[in-house]
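For reference, the structure is listed below as structure tokens.
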Protein chains: 2
Amino acid sequence: MIQEESPRTKRRTATADHAPIREAGSHTASVLPAEPALARAVAVDLIAVLVAVTGGEPRVMTLDEGQALPSGPFELAHRSLQSGLRAWVEQQTRHPIGYVEQLYTFADKDRGSDAGQRTISISYLGLTRASSEREAGWRSWYDYFPWEDWRSGEPAIIAGRLAPLLRAWAEAGEGGTLRRDRWQRACVTFGLDGGTWNEELALQRYELLYEAGLVPEGARRAAAGGDRITARAMIADHRRILATGIARLRAKIKYRPVVFELMPPTFTLLQLQRCVEALAGRLVHKQNFRRLVEQQELVEETGETAPETVGRPAKLFRFRHAVLAEREAIGTKLPLVRS
Amino acid sequence: MIQEESPRTKRRTATADHAPIREAGSHTASVLPAEPALARAVAVDLIAVLVAVTGGEPRVMTLDEGQALPSGPFELAHRSLQSGLRAWVEQQTRHPIGYVEQLYTFADKDRGSDAGQRTISISYLGLTRASSEREAGWRSWYDYFPWEDWRSGEPAIIAGRLAPLLRAWAEAGEGGTLRRDRWQRACVTFGLDGGTWNEELALQRYELLYEAGLVPEGARRAAAGGDRITARAMIADHRRILATGIARLRAKIKYRPVVFELMPPTFTLLQLQRCVEALAGRLVHKQNFRRLVEQQELVEETGETAPETVGRPAKLFRFRHAVLAEREAIGTKLPLVRS
DNA sequence: CGGCTATATGCTTACTCTGAGCATAACCCC
DNA sequence: GGGGTTATGCTCAGAGTAAGCATATAGCCG
């Protein structure tokens, strides 16, 4: 439900059409002197989707028994948003984070606690190398999105639970157009009814489930309580932020060499492939994957071979950091197998 | 220069390694009761990169004689960030904005006026259909980035001014590694020395010029004042935000059908092509462009032909809005001509 | 009317990219 | 040495795409 605009807002904007949002000459003063009350009630939070890959699983750092993403207030001492986040996270994990990227900034009204209080949440995606020890807080992100893991074929939960629930939701819509529209969206995002699975749509899928009232976070809109899906949830909109991070990372590994931020200094090509597969949630054609990685000169041989091997020993590679300077717009494309 | 962390920050984070950024159990209260002072000094601004294409030129809405992007405080009355921005912009332009997308959130310290005051700037990209009348405030974005327009071949400013200035900057670096690194970055981003031009690197190019002290905004680092480049500048970091918007839009038109947000209801394929070319800053192979647009079924014929034509009359098309529902991950790819 | 110009539109060709599969190599174990 | 396992090399066919040739349809001008 849309709240009415406050009288002050109305007065400001209705006086002149095509008037600049902010009057000329006042740009440098970010808070207009006339409206000091506006600054009072805003708090700024930083939220991190911190990702590592261990044991063949993509992990995300969580708190509170997996119910929340790490977050904390943005402080004046921080030079910038990113450095604030980076400092915190590096203190947590002891490793430097190679890669930090801003995800999205949220400020929906229902996020804050009381009225008149508002929180801006700036979320970041961070990649870190897996630590050898198993630390607390790291959870497989497929605990939260079991339908996103297609590495062993289509997850049973889709045909078993999601598809029927989504169809019921679609058919509960009022009007033929709405019904058709809902079902089409379900088919497109979840690859139902002959559609193909697109791993990059993780966020859209979660949002569709939210809209359909099929996740606990959307409980207010949900009809009955029995139609939920068996997956781990999170407080507030943290699971949505996680979905945002997953979608962004899945898209990014295809055109930027960011996977290497998750890898140890040296690795075999199969390890690299498993890492990509863990993130993408789907399998990759081995030979084509090697071809792509090698012909793009993303890696170079160390001359050694991997220890503790079962079959033929694999060569060890390291990331060619030079590519970061040489080119801007390349990455690891995924030669995906047809299902 | 990196500021020291405040004592409070140190105390909070140094007590326990691997401690959660925010203690378990306190997630829903976005501002911790123990730190009410942090919220006091933060203001939130919305900044818009509002784009239209008129007269074959990509235009951006500006204020204050082209020196600033429209911006304004985020208010409590706004339901969400995006709705706040959307409401404002629609009141300005009278047309509904078809497309709004968040760009980036900035909070660098030097943005605010006094110490102890901090501004968070959340920037958005908005697309609107060109209005027939020529309104004030719309400026070609190539006024700000003349090196970005390759539609008539390589802009003279690159070989004439930028390349020499960048080379001088590179050679002024201390140490062979730094010198080589600087020059390599210049070559990659600007396509110098046999490299190819990549129109999506608009932001990196601006940032390189900033770092080299070649734009007035980076004046503090600039050596002499005479080495600037003849282009229109903006206050604060507004030109950087504009570059962010340009880069984002140039990338997006290749995989999402957002160009149509800038087109009138019906148009010829050449008009569509000119619009894409204006945004991308480079020419496109006509026949291949048509093939791509048609075989992706992005448009449908209206049955009419364009009036006021010079040569053979062109068919009129309209955007097939159905594609937005049918597919998620398609768009207008650019069959770019080789230079 | 025929030629000229300008745009629109159709078609072909060569080349690259990529999904997919076959075949071989190098190691371990028994 | 045979079987199992992983690594690695190579080929092939189909899709996608950059580029160019050719034709169609209009206005204009002599």
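A note on names: the letters A, B, ... follow the listed sequences, proteins ahead of strands, and every chain is numbered from 1. The model shown is predicted, which means the values in this text are computed figures rather than measured ones.
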Hey, does the side chain of [X] reach the backbone of [Y] with a donor-acceptor pair shorter than 3.5 angstrom?
X        : Y        : value
B/Arg320 : B/Glu297 : yes
B/Arg250 : B/Glu199 : yes
B/Arg205 : B/Thr189 : yes
A/Arg167 : A/Ala186 : no

Calculate the interatomic distance between [X] atom [atom1] and [N] atom [atom2]; express it in whole Å.
X        : N      : atom1 : atom2 : answer
B/Phe267 : C/dA8  : CZ    : P     : 14 Å
A/Asn288 : D/dA15 : CG    : P     : 16 Å
B/Leu316 : C/dT9  : CG    : C1'   : 15 Å
B/Leu270 : C/dT9  : CG    : P     : 9 Å
B/Arg274 : C/dT7  : CZ    : P     : 8 Å
A/His285 : C/dA20 : NE2   : C1'   : 6 Å
A/Gln273 : D/dA7  : CD    : P     : 9 Å
A/Phe289 : D/dG9  : CZ    : P     : 15 Å

Out of [options], which nucleotide sits closest to the side chain of [X]?
X        : options               : answer
A/Arg290 : C/dT7, D/dA7, C/dA20  : D/dA7
A/Glu294 : D/dG9, D/dA7, D/dG20  : D/dG9
A/Leu292 : D/dG9, C/dT18, D/dA19 : C/dT18

Worksheet entry | Distance below 4.0 Å between B/Lys286 side-chain N/O and C/dA8 OP1 or OP2 |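 So the side chain of B/Lys286 is within the cut-off, an N or O lying under 4.0 Å from OP1 or OP2 of C/dA8.
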Worksheet item: How would you list all residue pairs meeting side-chain hydrogen bond (donor to acceptor under 3.5 Å, both in side chains) that involve residues 271-281 of chain B, not counting sequence neighbours?
Response: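 As it turns out, the side-chain hydrogen bond (donor to acceptor under 3.5 Å, both in side chains) pairs with a partner in residues 271-281 of chain B, which skip direct neighbours, are B/Gln273-B/Glu277, B/Arg274-B/Glu277.
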Fill in: Contact check, side chains of B/Tyr99 and B/Leu249, non-hydrogen atoms, under 4.5 Å
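When only atoms from C-beta onward are counted, B/Leu249 and B/Tyr99 do not touch, as no gap falls below 4.5 Å.
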Practice prompt. Can you check each nucleotide of nucleotides 22-30 of chain D against protein heavy atoms at under 4.0 Å and return B for base, S for sugar-phosphate only, - for none, in 5' to 3' order?
Written response: --BBSS---
Discussion item. Please classify the nucleic acid contact of B/Leu269 as base, sugar-phosphate, or nothing, using heavy-atom distances under 4.0 Å.
Written reply: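 It contacts nothing in the nucleic acid.
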Worksheet entry | Residues A/Thr302 and A/Arg318: side-chain donor-acceptor under 3.5 angstrom |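 Side chains of A/Thr302 and A/Arg318: no pair found under 3.5 Å.
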Worksheet item: Between B/Lys315 and A/Arg291, who's closer to the 5' end of DNA chain C by nearest nucleotide?
Response: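 The residue mapped nearer the 5' terminus is B/Lys315.
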